[in-house]
Amino acid sequence: MPVKKGAEVAPAKGKLGVLLVGLGAVSTTFIAGVEAVKQGLAEPIGSLTQMGTVRLGKRTDNRVPPIKDFVPLADLKDLVFGAWDIFPDSAYEAALHAGVLEKELIEKLKKPLQKVKPMRAVFEQSYVKRLNGTNVKKGKNKLDLANQLIDEIAEFKRKNRCDRLVMIWAASTEVFMKPHAVHRTMNSLEQAMRDNHKAIPPSMIYAYAALKSGIPFANGAPNLTVDVPALMDFAAKNGIAVCGKDFKTGQTLMKTILAPGLKSRMLGLHGWYSTNILGNRDGEVLDDPDSFKTKEESKLSVLEYILQPEVYPQLYKDFSHVVRINYYPPRGDNKEGWDNIDIFGWLGYPMQIKIDFLCRDSILAAPIVLDLALFLDLAQRTGLKGVQEWLSFYFKSPMTAPGLYPEHDIFIQLMKLKNTLRHLRGEDLITHLGLEYYD
Ligand SMILES: NC(=O)c1ccc[n+]([C@@H]2O[C@H](COP(=O)([O-])OP(=O)(O)OC[C@H]3O[C@@H](n4cnc5c(N)ncnc54)[C@H](O)[C@@H]3O)[C@@H](O)[C@H]2O)c1
């Protein structure tokens with residue numbers, strides 16, 4: 001049953017535990033950022049939950065509350081962080097290693113960051129070939145590892161006196177995997193876990209543990225993870241919110257801003273060539289062709305869906321789309337992404353657009369983690385269950401109900417998100433028709 005307009009939303013009282021799988025560049029930039037904002041050292045730029053507003057009613061009504069006043073979201077001071085990683089470094093050491101934030105800022109946040117010590121990870125090197133760490137769980141099979149996670153989650157909740165939890169995958173990208181027959185039902189999935197079947201990667205074990213613990217799950221990487229029938233059905237039946245995949249930052253963010261604009265003016269596309277240099281651990285992992293394949297699939301689908309070549313063959317049939325990521329250590333987390341876009345206009349005359357985006361990957365990803373934690377918790381308290389399509393805004397490969405194509409256009413995604421919030425609060429949806437102003 002879909003949630004009714006103006007549905008009851010349980011208040012955000014008590015502490016919200018944010019469980020992060022992976023304590024690398026994104027997670028530490030997120031945790032340090034929240035601590036910095038709490039201490040008044042910086043502003044939460046890039047976070048819709050903290051800085052965004054939502055227009056209500058007519059343009060002449062002047063009702064534009066901040067989103068965080070309009071819907072009951074957890075307060076930053078009520079967030080508690082937990083994490084798993086294959087390296088034993090605390091969030092303080094991991095943040096220094098990631099090299100995203102300035103040392104001076106990290107030192108100011110040393111105390112809260114040192115408190116976040118990663119629990120032992122569920123990890124197998126065959127799924128992330130470029131990594132190897134020691135802080136790893138042992139178990140008699142994959143189901144046993146999942147049960148260890150479930151116990152740890154309960155223990156974390158008790159020890160930190162959390163009222164609610166959410167889990168977010170911000171760990172490395174796993175090798176490319178296709179859905180397998182064992183992913184169909186919970187029974188076949190559990191049997192495969194008992195049999196240590198190779199179709200069950202670590203990310204799926206975390207997702208299983210989250211859902212079995214009744215906590216919402218977001219997938220920040222392009223891995224299959226929770227996007228399989230057994231887990232999606234379980235989430236929908238048990239009233240648990242899930243979303244994914246792959247945080248939309250950097251080049252794909254630019255693509256989903258620009259492509260809808262080109263299409264809106266009926267400008268054609270011959271080709272879009274994207275290349276990146278990236279020197280952080282994520283770049284190193286993506287240097288492995290099997291992990292890159294997972295990322296490539298996620299990045300490539302965006303233009304096809306936005307431009308709809310089957311609807312506009314004269315403009316978008318057979319355009320060429322290439323995406324490259326090159327590991328280049330000197331750049332660290334400060335990626336540089338180049339796009340060469342060959343477009344054509346009136347009478348077929350060609351033009352070119354060049355983008356050189358000197359971006360900071362984790363600076364763009366951290367506010368997404370914050371928003372997802374707060375919105376997933378809202379979804380859970382509201383009774384929204386299964387796939388949260390209104391959170392597509394944050395993902396490169398948005399999860400959808402079976403048979404539905406994903407919405408990639410960032411402006412439609414934002415409208416969907418805000419209309420969902422209006423719907424939850426019993427406000428009229430905004431259609432932008434606007435004829436009433438001229439009556
Ligand atoms: N930064 C961005 O803009 C961005 C955008 C989209 C997606 N992502 C994805 O987010 C993820 C995190 O990115 P990052 O830059 O923080 O990478 P990172 O390499 O700095 O951090 C990932 C961490 O995950 C840990 N890890 C790997 N496998 C694990 C497991 N099974 N259990 C627990 N920990 C595990 C690694 O040890 C590492 O510390 C990557 O998958 C990346 O592709 C990042």
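As the structure lists them, so they are numbered: ligands from 1, and atoms in each ligand from 1.
Take Tyr206 and apply the side chain to side chain donor-acceptor pair (under 3.5 Å) test, not counting sequence neighbours, and it matches no residue. Every residue two or more places apart in sequence or in another chain that forms a ring pair (Phe, Tyr, Trp, His ring centres under 6.0 Å) with His180 is listed here: His197.
Every atom of ligand 1 is numbered from 1 in the order shown, and the set under 4.0 Å from a heavy atom of Trp84 is 33 (C), 34 (N). The distance from ligand 1 to the heavy atoms of Ala365 drops below 4.0 Å at these ligand atoms: 1 (N), 2 (C), 3 (O). Distances below 4.0 Å separate heavy atoms of Ala121 from the following atoms of ligand 1: 32 (N), 33 (C). Interface of Leu131 with ligand 1, defined as ligand atoms under 4.0 Å from a residue heavy atom, comprises 27 (C), 36 (C), 37 (O). Shown in contact with Thr249 at under 4.0 Å from a heavy atom are these atoms of ligand 1, numbered in order with element: 2 (C), 3 (O), 4 (C), 5 (C). Taking a cut-off of under 4.0 Å to the non-hydrogen atoms of Ala221, the atoms of ligand 1 that pass are 41 (O).
Side-chain atoms of Lys178 and His183 form no donor-acceptor pair, as typed in the model, at a separation below 3.5 Å. Looking only at atom types and distance, the side chain of Glu107 has a donor-acceptor partner in the side chain of Tyr92 under 3.5 Å away. With hydrogens and angles left out, the side-chain atoms of Asn334 and Arg331 include no donor and acceptor closer than 3.5 Å. No side-chain donor-acceptor contact under 3.5 Å links Lys248 and Ser392. For the residue pair Ser203 and Glu174, a side-chain donor N or O sits within less than 3.5 Å of a side-chain acceptor on the partner. Judged by distance alone, the side chains of Gln380 and Lys385 never bring a donor and an acceptor atom under 3.5 Å apart. If you check the side chains of Asp195 and Gln191, you find a donor sitting under 3.5 Å from an acceptor. Between the side chains of Tyr208 and Glu190, at least one donor N or O lies within less than 3.5 Å of an accepting N or O. Side-chain contact annotation: Ser188 with Thr185, donor-acceptor N/O pair under 3.5 Å present. A donor-acceptor contact closer than 3.5 angstrom is absent between the side chains of Asn196 and Lys142. A donor atom on one side chain and an acceptor atom on the other are found under 3.5 Å apart for Ser362 and Asp333. Side chains of Asp339 and Gln251: a donor-acceptor N/O pair is present below 3.5 angstrom, by distance only.
Taking only non-hydrogen atoms, the option from Phe30, Phe87, Tyr206, Phe123 nearest to atom 28 (N) of ligand 1 is Phe123.
At least one heavy atom of Lys396 sits less than 4.0 Å from an atom of ligand 1. The shortest heavy-atom distance from Ile86 to ligand 1 is under 4.0 Å. Taking 4.0 Å as the cut-off, Val122 counts as a neighbour of ligand 1 on heavy-atom distance. For the ligand labelled ligand 1, residue Gly220 lies inside the 4.0 Å heavy-atom shell. Heavy-atom distances between Ala170 and ligand 1 reach below 4.0 Å in at least one pair.
If you check which protein heavy atom lies closest to atom 42 (C) of ligand 1, you get Asp282 OD1, 3.2 Å. Nearest non-hydrogen protein atom to atom 19 (O) of ligand 1 is Arg281 CB, 3.2 Å. The protein non-hydrogen atom at the shortest distance from atom 6 (C) of ligand 1 is Phe247 O, 3.0 Å. Nearest to atom 25 (C) of ligand 1 among the protein's heavy atoms is Asp85 OD2, 3.2 Å. Looking at atom 27 (C) of ligand 1, its nearest protein heavy atom turns out to be Ser172 OG, 3.2 Å. From the protein, the heavy atom lying nearest to atom 21 (O) of ligand 1 is Gly24 CA, 3.3 Å. Looking only at protein heavy atoms, the nearest one to atom 24 (O) of ligand 1 is Ala171 CA, 3.3 Å.
Note: an N/O pair closer than 3.5 Å links Val26 and ligand 1 by distance alone. Between Ser27 and ligand 1, no pair of N/O atoms sits closer than 3.5 Å. Checked against a 3.5 angstrom limit, the closest N/O atoms of Asp246 and ligand 1 fall outside it. The shortest N or O to N or O distance between Trp169 and ligand 1 is not under 3.5 Å. In terms of polar-atom proximity, defined here as any N/O pair under 3.5 Å, Ala25 does make such a contact with ligand 1. For Thr173, a nitrogen or oxygen atom sits less than 3.5 Å from a nitrogen or oxygen atom of ligand 1, counting backbone and side chain alike.
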>> I'd like to know whether Phe292 forms a ring-ring contact (aromatic ring centres under 6.0 Å, His included) with Phe176, so could you lay out the CA-CA distance, the side-chain angles of the two residues, the decisive distance to 0.1 Å, and finally the verdict.
In response: CA-CA 8 Å; Phe292 178 67; Phe176 182 66; over 10 Å; no
